[in-house]
Amino acid sequence: LPRLIADLLEEWQLIVDGAPSSGHTAVVIPVRREDEPLMLKVVWPHPEAATEHLALQRWAGGAAVRLVRADPSRGALLLERLDASRDLTEVWIDEACEVIGGLLGELHRGVGPEFPRLTDWLDGQLVDLAATEALPRRVIDRATGLYRDLAPSAGHTLLHTDLHFENVLWREADRRWVVIDPKPMAGAPGVELHPVLRNRVDELGTGAAFRWSVRHRIELVCDAAEIEEDLARSWTMIVAAVQAMWATQGPQNPAAKDTVTWNLTLQKALED
């Protein structure tokens, strides 16, 4: 990694302009090219990141961080620099949901075969879900039935798929919120709402308050994005079942059990 970063800095004529930061899958380094502040992102190779540069090219700035240059073979992206200190985590939840919905509405557009299909991915997940014995049968059957109904009309819309409150940053140049870190797929817009619910969970409450809160968030996002609310609830129930299944496959600790319980509670809260 140090050698790769050094090579990129030299080849792209970049000067380090601050301390690096890292997440689960990438290192991001503030840099300058002449007088232009930019960010060099180097991604650990994984399937979800394989078409990130294509999505950013397709969006061409606007509602998304602007891509300046890319070397997909080395997992390298050169991006405009945003205000990393300003995201949606502290913004009033209703406003934050409306911002995310508006961004989704701008990002959604038809795409071709260059992006992985949502249904291809979910086909495999639902096979694993049907075989698991770690979840209640009613949860599996409900998700499987919903997917059987929805999959034929999933479509080919370009999706971000990981649009939560920390993946929206402020761009001072035109004074607006923009998205970062897409995990692009082509499919149905309503499938993208789970990240809005699984973050800032302490604000959702419990019992009847939880049911109202998750539905309220979905309503706000769908209204702003012009997504059919019933479809979004159904897709979210499918994703919740998949997320619960993943939690049963990892180390069995209190956090994993909490994730299973939370997703099962979410699926129940979204039932009519």
Salt-bridged, [X] to [Y], with N to O below 4.0 Å?
{"X": "Glu11", "Y": "Arg74", "value": "yes"}
{"X": "Arg66", "Y": "Glu36", "value": "yes"}
{"X": "Glu229", "Y": "Arg233", "value": "yes"}

Inset, instruction - Specify whether Trp246 and Trp121 have parallel, tilted or perpendicular ring planes, treating 30° as the upper limit for parallel and 60° as the lower limit for perpendicular. - result: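 Answer is perpendicular, since the angle exceeds 60°.
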Inset, instruction - Would you name the heavy atoms of Cys97 and Val221 that are closest together and state the gap between them? - result: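 Smallest interatomic distance, heavy atoms only, reads O-CG2, 3.5 Å.
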Legend entry - Residue pair Ala269 / Val214: nearest heavy atoms and the distance that separates them: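 That would be CB-CG2, 4.0 Å.
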Could you state the interatomic distance from [atom1] ([X]) to [atom2] ([Y]), rounded to the nearest 0.5 Å?
{"X": "Ile100", "Y": "Leu220", "atom1": "CD1", "atom2": "CG", "result": "11.0 Å"}
{"X": "Leu14", "Y": "Met39", "atom1": "CG", "atom2": "CE", "result": "12.0 Å"}
{"X": "Leu38", "Y": "Leu79", "atom1": "CG", "atom2": "CG", "result": "8.5 Å"}
{"X": "Leu8", "Y": "Trp12", "atom1": "CG", "atom2": "CH2", "result": "5.5 Å"}
{"X": "Arg215", "Y": "Ile218", "atom1": "CZ", "atom2": "CD1", "result": "8.0 Å"}
{"X": "Met245", "Y": "Thr259", "atom1": "CE", "atom2": "OG1", "result": "13.5 Å"}

Do [X] side-chain atoms and [Y] backbone N/O form a donor-acceptor pair below 3.5 Å?
{"X": "His194", "Y": "Glu192", "result": "no"}
{"X": "His164", "Y": "Arg200", "result": "no"}
{"X": "Trp59", "Y": "Leu107", "result": "yes"}
{"X": "Arg211", "Y": "Leu270", "result": "no"}
{"X": "Tyr147", "Y": "Trp235", "result": "no"}
{"X": "Asp83", "Y": "Leu169", "result": "no"}

Legend entry - Side-chain H-bond candidate by donor/acceptor type, Asp94 with His216, under 3.5 Å: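 Side chains of Asp94 and His216: pair found under 3.5 Å.
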Inset, instruction - Can you establish whether the number of heavy atoms outside Glu133 located under 6.0 Å from its atom CD is more than 12? - result: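 Incorrect, the count does not exceed 12.
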Inset, instruction - Mark yes when over 12 heavy atoms from residues, nucleotides or ligands other than Glu271 sit less than 6.0 Å from its CD; otherwise mark no. - result: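 Count over threshold, so yes.
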Inset, instruction - Give me the one residue out of Arg58, Lys183, Lys41 that meets salt bridge (charged side-chain N to carboxylate O under 4.0 Å, His left out) with Glu52. - result: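 Only one option passes, and that is Lys41.
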Inset, instruction - Mind checking salt bridge (Lys or Arg N to Asp or Glu O under 4.0 Å) for Glu80 and listing every partner two or more places apart, or none if nothing turns up? - result: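 Salt bridge (Lys or Arg N to Asp or Glu O under 4.0 Å) list for Glu80, sorted by chain: Arg171.
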Legend entry - Single-linkage hydrophobic cluster, 4.5 Å side-chain cutoff, Leu163 and Val43 together: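 Per the 4.5 Å side-chain linkage, Leu163 and Val43 are not co-clustered.
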Inset, instruction - Could you walk me through whether Arg176 and Glu106 pass the salt bridge (Lys or Arg N to Asp or Glu O under 4.0 Å) test, one step at a time? - result: CA-CA 13 Å; Arg176 64 161 298 168; Glu106 291 187 68; 2.9 Å; yes
